[in-house]
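Inspection log for the structure reproduced underneath, given as structure tokens.
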Amino acid sequence: MDGRYQRMKRRRQEQILRRTIMVGIVGLIVLLMVFLINKMFFHKRIPVLDRAIGNIETSGALTKVIEERPEFDVQLLTPNEYSRPGMATDSINGIVVHYTANPGSTAQNNRDYFENLKDTHDTKASSHFVIGIEGEIIQCIPSNEVAYASNQRNNDTISIEVCHPDETGKFTDATYESLVRLVAWLCGRFDLQIDDIIRHYDVTGKNCPKYYVEHEDAWEKLKEDVEIYIYTYGVDPSTITEKSSVES
């Protein structure tokens with residue numbers, strides 16, 4: 001009788017052990033799946049960091065730089081007096097954000113418009129970069145050449161034209177994220193600070209970029225997100241041996 005009881009006891013213990021092991025294995029598999037899904041789908045998202053707990057104090061003073069160049073397609077305009085005059089810039093002292101004022105157009109549409117000005121002679125206009133609704137980025141003008149974008153600040157700024165889906169001028173999430181990454185990288189490339197990021201409006205008073213002129217809080221949030229991105233992904237500039245290049 002005692003032997004039978006002992007066998008039953010051992011079987012129960014073995015069953016409990018097997019169940020415990022199975023639960024542990026299932027738990028590890030679930031954790032692994034969550035990790036892989038997060039890595040696949042969210043690793044490119046801009047981090048949402050909690051300023052309220054005091055992890056980050058945004059001050060406008062940048063002590064880190066983004067080393068890795070964001071992905072962009074270099075499609076330089078043909079040199080011509082209407083969109084790529086070929087004039088050298090002075091030292092770069094700012095980044096000017098614009099909006100295309102052409103709802104639904106793509107980065108390629110706007111780049112091609114600038115290119116066609118050499119034939120149409122409709123106006124003088126261009127931009128160093130154009131960011132599309134899907135987040136695509138095209139470089140149109142080398143960083144050491146003037147673009148016809150920011151009036152009296154053409155000589156010392158990098159210009160970014162940004163596409164938008166509707167008349168509000170608000171950028172899509174993909175566009176916004178590409179803008180943050182590009183501006184963050186350019187700040188390090190040209191040794192700029194947060195206050196060097198400006199709107200076309202800040203140069204001429206023009207309602208450009210429309211959404212960020214009409215929503216001052218959104219503009220300040222964009223600059224904060226640039227700073228947070230640099231804080232999160234940036235490195236000490238003294239550790240960089242060679243800067244990744246903007247086409248020149």
Side-chain angles (χ1 to χ4, degrees), residues 69-167 169 171-172 174-176 178-183 185-187 189-190 192 196-213 244-248:
R69 192 196 87 170
E71 182 178 346
F72 54 77
D73 187 11
V74 179
Q75 296 185 36
L76 299 183
L77 304 179
T78 303
N80 72 93
E81 63 177 302
Y82 290 89
S83 57
R84 186 185 170 188
M87 297 183 294
T89 58
D90 301 327
S91 296
I92 298 300
N93 296 315
I95 300 167
V96 185
V97 178
H98 305 252
Y99 87 130
T100 62
N102 187 9
S105 63
T106 66
Q108 191 67 54
N109 292 154
N110 285 279
R111 182 269 171 198
D112 292 345
Y113 169 76
F114 295 146
E115 175 69 14
N116 290 335
L117 289 175
K118 73 181 189 303
D119 302 316
T120 64
H121 303 175
D122 287 340
T123 188
K124 291 184 176 181
S126 57
S127 184
H128 290 93
F129 294 92
V130 185
I131 302 179
I133 294 173
E134 300 299 324
E136 71 277 19
I137 306 173
I138 298 176
Q139 184 181 10
C140 306
I141 302 285
S143 62
N144 60 0
E145 290 184 21
V146 166
Y148 286 142
S150 305
N151 302 79
Q152 63 265 36
R153 294 297 304 274
N154 284 339
N155 289 326
D156 75 330
T157 58
I158 297 293
S159 56
I160 304 174
E161 284 280 353
V162 186
C163 298
H164 49 98
D166 56 42
E167 295 287 349
F171 307 153
T172 66
T175 302
Y176 186 92
S178 289
L179 178 62
V180 168
R181 289 191 179 91
L182 179 59
V183 171
W185 177 68
L186 288 171
C187 282
R189 178 70 174 77
F190 294 103
L192 302 175
D196 298 322
I197 306 166
I198 61 176
R199 301 161 294 184
H200 193 184
Y201 168 82
D202 299 314
V203 179
T204 66
K206 182 178 180 179
N207 192 23
C208 174
K210 184 178 186 292
Y211 185 82
Y212 293 95
V213 173
S244 52
S245 65
V246 179
E247 185 68 27
S248 59

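On a predicted model such as this, the values are computed, not experimentally measured, just so you know.
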Pairwise distance CG(N144) to OG(S91) - rounded to 0.5 angstrom: 12.0 Å
Which atom of S105 lies closest to which atom of T100, heavy atoms considered: OG-OG1, 3.9 Å
Beyond-backbone contact of H98 with S159, side-chain heavy atoms, under 4.5 angstrom: yes
Side-chain heavy-atom pair D196, I95 within 4.5 angstrom cut-off: no
Step-by-step side-chain contact (heavy atoms from CB on, under 4.5 Å) determination, L186 to I160: CA-CA 11 Å; L186 288 171; I160 304 174; 4.1 Å; yes
Side chains of Y211 and Y99 in contact at under 4.5 Å (non-hydrogen atoms): no
Atom of R153, atom of D156 and distance for their closest heavy-atom approach: NE-OD1, 2.8 Å
D112 side chain to N109 backbone, donor-acceptor under 3.5 Å: no
Pair T78, E115: side-chain N/O donor-acceptor within cut-off below 3.5 Å: yes
Donor-acceptor pair between Q75 and Q108 side chains, under 3.5 angstrom: yes
Among N116, T106, D73, L77, side-chain contact (heavy atoms from CB on, under 4.5 Å) partner for R111: L77
Residues T157 and H128: side-chain donor-acceptor under 3.5 angstrom: no
Candidate pair V146 and T89, rule side-chain contact (heavy atoms from CB on, under 4.5 Å), full reasoning: CA-CA 5 Å; V146 166; T89 58; 4.0 Å; yes
Set of ring pair (Phe, Tyr, Trp, His ring centres under 6.0 Å) partners for Y113, sequence neighbours left out: none
Partner of F114 by side-chain contact (heavy atoms from CB on, under 4.5 Å), out of I138, N80, V130: V130
Heavy-atom check, side chain of T172 versus side chain of E134, under 4.5 Å: no
Check against side-chain contact (heavy atoms from CB on, under 4.5 Å), E161 and N110: CA-CA 9 Å; E161 284 280 353; N110 285 279; 5.9 Å; no
Full working for ring-ring contact (aromatic ring centres under 6.0 Å, His included) between F171 and Y212: CA-CA 10 Å; F171 307 153; Y212 293 95; 5.0 Å; yes
Pairwise side-chain contact, L117 with K124, heavy-atom cut-off 4.5 Å (strictly under): no
T175 (side chain) donor-acceptor with G132 (main chain) under 3.5 angstrom: yes
4.5 Å side-chain heavy-atom contact, Y148 and E81: no
From CG (D122) to OG (S83), nearest 0.5 Å: 11.5 Å
Closest contact, heavy atoms only, A149 versus S126: CB-O, 3.2 Å
Closest approach of C163 to A107 (non-hydrogen atoms, all atoms of both residues): SG-N, 3.6 Å
Minimum heavy-atom distance between S178 and I131, given as atom pair plus value: CB-CG2, 3.9 Å
Student check: side-chain heavy atoms of Y201 and K206 closer than 4.5 Å: no
Any side-chain heavy-atom pair of P103 and H164 under 4.5 Å: yes
Side-chain donor/acceptor of E167 to backbone N/O of G169, under 3.5 Å: no
Shortest non-hydrogen separation from I92 to S143 and the atoms involved: CD1-O, 4.1 Å
